[in-house]
Amino acid sequence: MKRISTISGDNEFTFAPLVVLELAKDAQKETIEWLVQKVKGRKYQGGADLNIRPLADQGKTPQIYLIGASWRRLLLGAESLGLLKEYQDGSIRVFTYHNKEDYKHFTNDDSDFLTMAEKQFIIKRELENLRAVNETMVPGHPQAKLYPGKSIFRRLQTSGLLIQLYPLHDPAELKKLSFLWYRQVKFSFQPLDEIQRYFGQSIALYFAFLEYFTFALFPMAVIGVPYYLFAWEDYDKYIVFATFNLVWSTIVLEVWKRRCARLSYKWGTLTMKKEFEEPRPGFHGPLGVNPATGRKEPTYPSYKRQLRVYLISVPFVCFSLYVCLIVMMMYFLMEEHASAYDEEAQSTFSSILMFVPSIVYALVIEIMNRIYRCAAEFLTSWENHRLESSFQNHLVLKVLVFNFVNCFASLFYIAFIIQDLKLLRQNLAALLITSQIINQFVEAWIPYWLQRHRKNIVKHRLRIDSKEKELPLADQIALEGKMEPYLGTFDDYLELFQQFGYVSLFSCVYPLAAILAILNNITEVFSDALKMCRVFKRPFSQPAADMGVWLLAFETMGVISVMTNCALIGISPQVKEFFNESATGLVLLIVGIEHILLGLKFILAFAISDIPIDIRNKIAKLEFESLEALKQKQSKEADESLTKEQQHAEMKTK
């Protein structure tokens, strides 16, 4: 990590630049001076108590600033955020500055006790918590209004005065991680601990789930390949595969919960305290007082938000689903024309033409998904949610409902209305393969080539030798500043959600679905690693104990897969022949089996603990020790108070 020297008064000191702050070119000099003083100011004076200096050679009014912090400041920030660290006895405990010597690997210098990602996260939170005290506007920009308690950096963002704020890469650590992760083609587990140390828990958990889900697909692939080779046209035999599919989709998520709990405990987020959530930057409304904190912040009536949700957003989602169904019916019309032409022509060209409607439909689905995603983001932002978690929940719900109908409606229609299993197999294969190819190009390879082209232009302009091992700091910042920001794991989880649906719902009809998903996920690991390390800006670390709302989405898909596989068993020729004279009996039997299996699923979910027993014991032990320490502290305070009262009484007697 590069270090730079700066001068404060008569003292020169060095600090490692961790975060880059870029202001707009039209930012006034007094604005910059005011902001710098806020960043440097002491905490008791309303400042962030961080180190800041302009990047060299920018002229009289620099726009790019480097931000770091002293070792003591970072440790105090870690304590205020409730970061968990490994204790000398091997347990994971909340870090306290007073007992810092009791933590493993702690040293009194700026060591690796805190990862670079944690240091950058601490700085980000300190900057976000910078609030106006007496200011009514941003100095130099009267249109940028402020009020006591308003987040300064959020106001600078919404006013266009703050262009970007991003954490710097560590070239040496990034190079080591790249070789461990994706630059060597080898069959091994991902370096999850190194990913967590560099990018944080949220991104590391995504790659952990990607790895786990890929391995979880192997049993489906092992059964699916011979099934494909020896029982392709014998649809009676897919009852066995559908039953296995049903059990697999039930167990896989329960095992993941335990794996996730073990990782998050190891990384110190499983028991991390949840602090009060601040309003999101886009939240707006008349100034008021928060009854919980007493701080001044925007207010917005809940009934107005509900009106926007139910009168505008819900009808829009319903209309979008209607459009999906119209497009689906157009696809079936194309299928009819292609089938009629094939029956008449009976040629190689007509046979190839049979696959065109499915491929075109798969392309249209991907395009509609991306257009709808933009509309959903706009609508959710317009609903004016106060909290970021509420915003994300509403956005995920909108996107999942649309994607589920858009991607799976045609499969349900073919399976249960038309009951054409050959067409279902063809449609599923086209959707799965096409979506995987498009996602690989759109999410990784196209951004990579665009970034590589942009990087070459910047290097040529800065006259940087492409063979130079480590760039000067100014050139590194120039290159990273031109990278696109990483927008989070939303699209990555969404892709896995669709893949989980294709495999768990209908892979009994197309047994190769699991092996295609495995091949896609293997390349996905390398392409996602490439884009994280080389294509996008380094994202700020984000503590996370689990997948959040995505876990609920996958569990819901698991429940739907139980019902779907039971229904597929019910429409199989073998079962229908057995109940040839009693369709009602068949329906009642399938519904009964479905309810029994759903009951078993929920019993399994209840019986299999989400947290392994050894982790639960460690957490219980820490809670007991914390309670005992609190009792001892209260007892000591009571004894001291009693002693003082006795001394006071003795003095009165004398």
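Computed from a predicted structure; not experimentally measured.
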Original post:
At their closest point, which heavy atom of Ala517 faces which heavy atom of Gln436, and how far apart are they?
Top reply: CA-NE2, 3.7 Å
Original post:
Would Glu194 and Arg197 satisfy salt bridge (charged side-chain N to carboxylate O under 4.0 Å, His left out), going step by step from the backbone distance to the final call?
Top reply: CA-CA 5 Å; Glu194 286 76 11; Arg197 286 181 62 83; over 6 Å; no
**OP:** Indicate, with yes or no, if the rings of Trp181 and Phe207 have centres closer together than 6.0 Å.
**Re:** yes
Original post:
Ser351 side chain to Ser347 main-chain N or O, any donor-acceptor pair under 3.5 Å?
Top reply: yes
Original post:
Given side chains that start at C-beta, do those of Cys407 and Asn369 come closer than 4.5 Å, heavy atoms only?
Top reply: yes
Original post:
Is the backbone N or O of Gln190 less than 3.5 Å from a side-chain atom of Glu211, with the two atoms forming a donor-acceptor pair by type?
Top reply: yes
Original post:
Quick one: does Tyr212's side chain have a donor or acceptor within less than 3.5 Å of a partner on Val252's backbone?
Top reply: yes
Original post:
Say you draw a straight line from CG of Leu205 to CE of Met547; how long is it, rounded to the nearest 0.5 Å?
Top reply: 9.0 Å
**OP:** Work out which heavy atom in Cys324 is nearest to a heavy atom in Phe402; give both atom names and the distance.
**Re:** SG-CE1, 3.2 Å
Subject >> Distance (rounded to the nearest 0.5 Å) between Trp550 CH2 and Thr556 OG1 >> reply: 11.5 Å
**OP:** Flag the pair Glu254 and Lys257 as a salt bridge only when some basic side-chain nitrogen lies within less than 4.0 angstrom of an acidic carboxylate oxygen.
**Re:** yes
**OP:** Using the side-chain contact (heavy atoms from CB on, under 4.5 Å) rule, take Met330 and Val364 through it: C-alpha gap first, then chi angles, then the decisive distance, then the call.
**Re:** CA-CA 11 Å; Met330 293 174 63; Val364 171; over 6 Å; no
Subject >> Flag side-chain contact, heavy atom, 4.5 Å: Leu192 against Trp267 >> reply: yes
Original post:
Are Tyr182 and Ser527 close enough that a side-chain donor and a side-chain acceptor fall under 3.5 Å?
Top reply: no
Original post:
Between Asn521 and Leu496, is a side-chain contact (heavy atoms from CB on, under 4.5 Å) present by the stated rule, with each step listed?
Top reply: CA-CA 9 Å; Asn521 289 355; Leu496 290 180; 4.1 Å; yes
Original post:
Thinking salt bridges, do Asp614 and Arg262 make one under a 4.0 Å N-O criterion?
Top reply: yes
Original post:
Between Gln392 and Val549, is any pair of side-chain heavy atoms under 4.5 Å apart?
Top reply: no
Original post:
Can you name the one residue among Phe416, Phe497, Tyr502 that meets ring-ring contact (aromatic ring centres under 6.0 Å, His included) with Phe408?
Top reply: Tyr502
**OP:** List the steps and the verdict of side-chain contact (heavy atoms from CB on, under 4.5 Å) for Met329 and Ile326.
**Re:** CA-CA 5 Å; Met329 299 312 296; Ile326 295 297; 5.8 Å; no
Original post:
In this structure, are over 12 heavy atoms from other groups packed under 6.0 Å from Glu344 atom CD?
Top reply: no
Original post:
Would one find more than 12 heavy atoms of other residues, nucleotides or ligands at under 6.0 Å from atom CZ of Arg259?
Top reply: no
**OP:** Enter the distance from Phe391:CZ to Glu377:CD here, rounded to the nearest 0.5 Å.
**Re:** 6.5 Å
Original post:
Does Phe121 reach the side chain of Pro543, with side-chain heavy atoms less than 4.5 Å apart?
Top reply: yes
Original post:
Is the backbone N or O of Met328 less than 3.5 Å from a side-chain atom of Ser410, with the two atoms forming a donor-acceptor pair by type?
Top reply: no
Original post:
Is any side-chain heavy atom of Leu325 less than 4.5 Å from a side-chain heavy atom of Leu321?
Top reply: no
**OP:** First locate atom CG of Leu598, then atom CZ of Phe602, and finally report the distance between them rounded to the nearest 0.5 Å.
**Re:** 6.0 Å
**OP:** Check Ala376 against Val399 and note the closest heavy-atom contact, atom names and distance.
**Re:** CB-CG2, 4.2 Å
**OP:** Name the orientation class of the two ring planes belonging to Tyr493 and Phe209 (parallel below 30°, tilted from 30 to 60°, perpendicular beyond 60°).
**Re:** tilted
**OP:** To the nearest 0.5 angstrom, please state how far the SG atom of Cys533 sits from the CD1 atom of Ile195.
**Re:** 8.0 Å
**OP:** Kindly give the heavy-atom pair with the smallest separation between Gln201 and Ser541, and that separation in Å.
**Re:** OE1-OG, 3.9 Å
Original post:
Distance only, no hydrogens: is a donor on one side chain within 3.5 Å (strictly under) of an acceptor on the other, for Asn427 and Glu335?
Top reply: no
Original post:
Can any side-chain N or O of Asn617 pair as donor or acceptor with the backbone N or O of Ile613 at less than 3.5 Å?
Top reply: yes
Original post:
Could you walk me through whether Phe316 and Lys398 pass the side-chain contact (heavy atoms from CB on, under 4.5 Å) check?
Top reply: CA-CA 10 Å; Phe316 174 78; Lys398 289 186 183 71; over 6 Å; no
Original post:
Would you say the side chains of Glu495 and Ser435 form a donor-acceptor pair under 3.5 Å?
Top reply: no
Original post:
Are any of the side-chain heavy atoms of Leu174 and Tyr198 separated by less than 4.5 Å?
Top reply: yes
Original post:
Taking the six-membered ring for Trp, are the ring centroids of Tyr486 and Phe199 within less than 6.0 Å of each other?
Top reply: no
Original post:
Centres of the Phe536 and Tyr166 rings: under 6.0 Å?
Top reply: no
Original post:
Taking C-beta and beyond as the side chain, do Tyr413 and Phe332 meet within less than 4.5 Å on heavy atoms?
Top reply: yes
Original post:
Using 30° and 60° as the class limits, which term best fits the ring planes of Trp248 and Phe213: parallel, tilted or perpendicular?
Top reply: tilted
Original post:
Side chain of Arg258, backbone of Ser609: donor and acceptor closer than 3.5 Å?
Top reply: yes
Original post:
Looking only at heavy atoms, which two atoms of Ile203 and Met532 are closest? And how far apart?
Top reply: CD1-CE, 3.5 Å
Original post:
Which distance, rounded to the nearest 0.5 Å, do you find between the NE2 of His385 and the NE2 of His394?
Top reply: 4.0 Å
Subject >> Smallest separation among heavy atoms of Arg305 and Glu383, with atom names >> reply: CG-O, 3.2 Å
Subject >> Pair Phe412 and Phe506, ring centroids less than 6.0 Å apart >> reply: yes
Original post:
Below 4.5 Å, heavy atoms only, C-beta onward: do Asn520 and Leu516 meet side chain to side chain?
Top reply: no
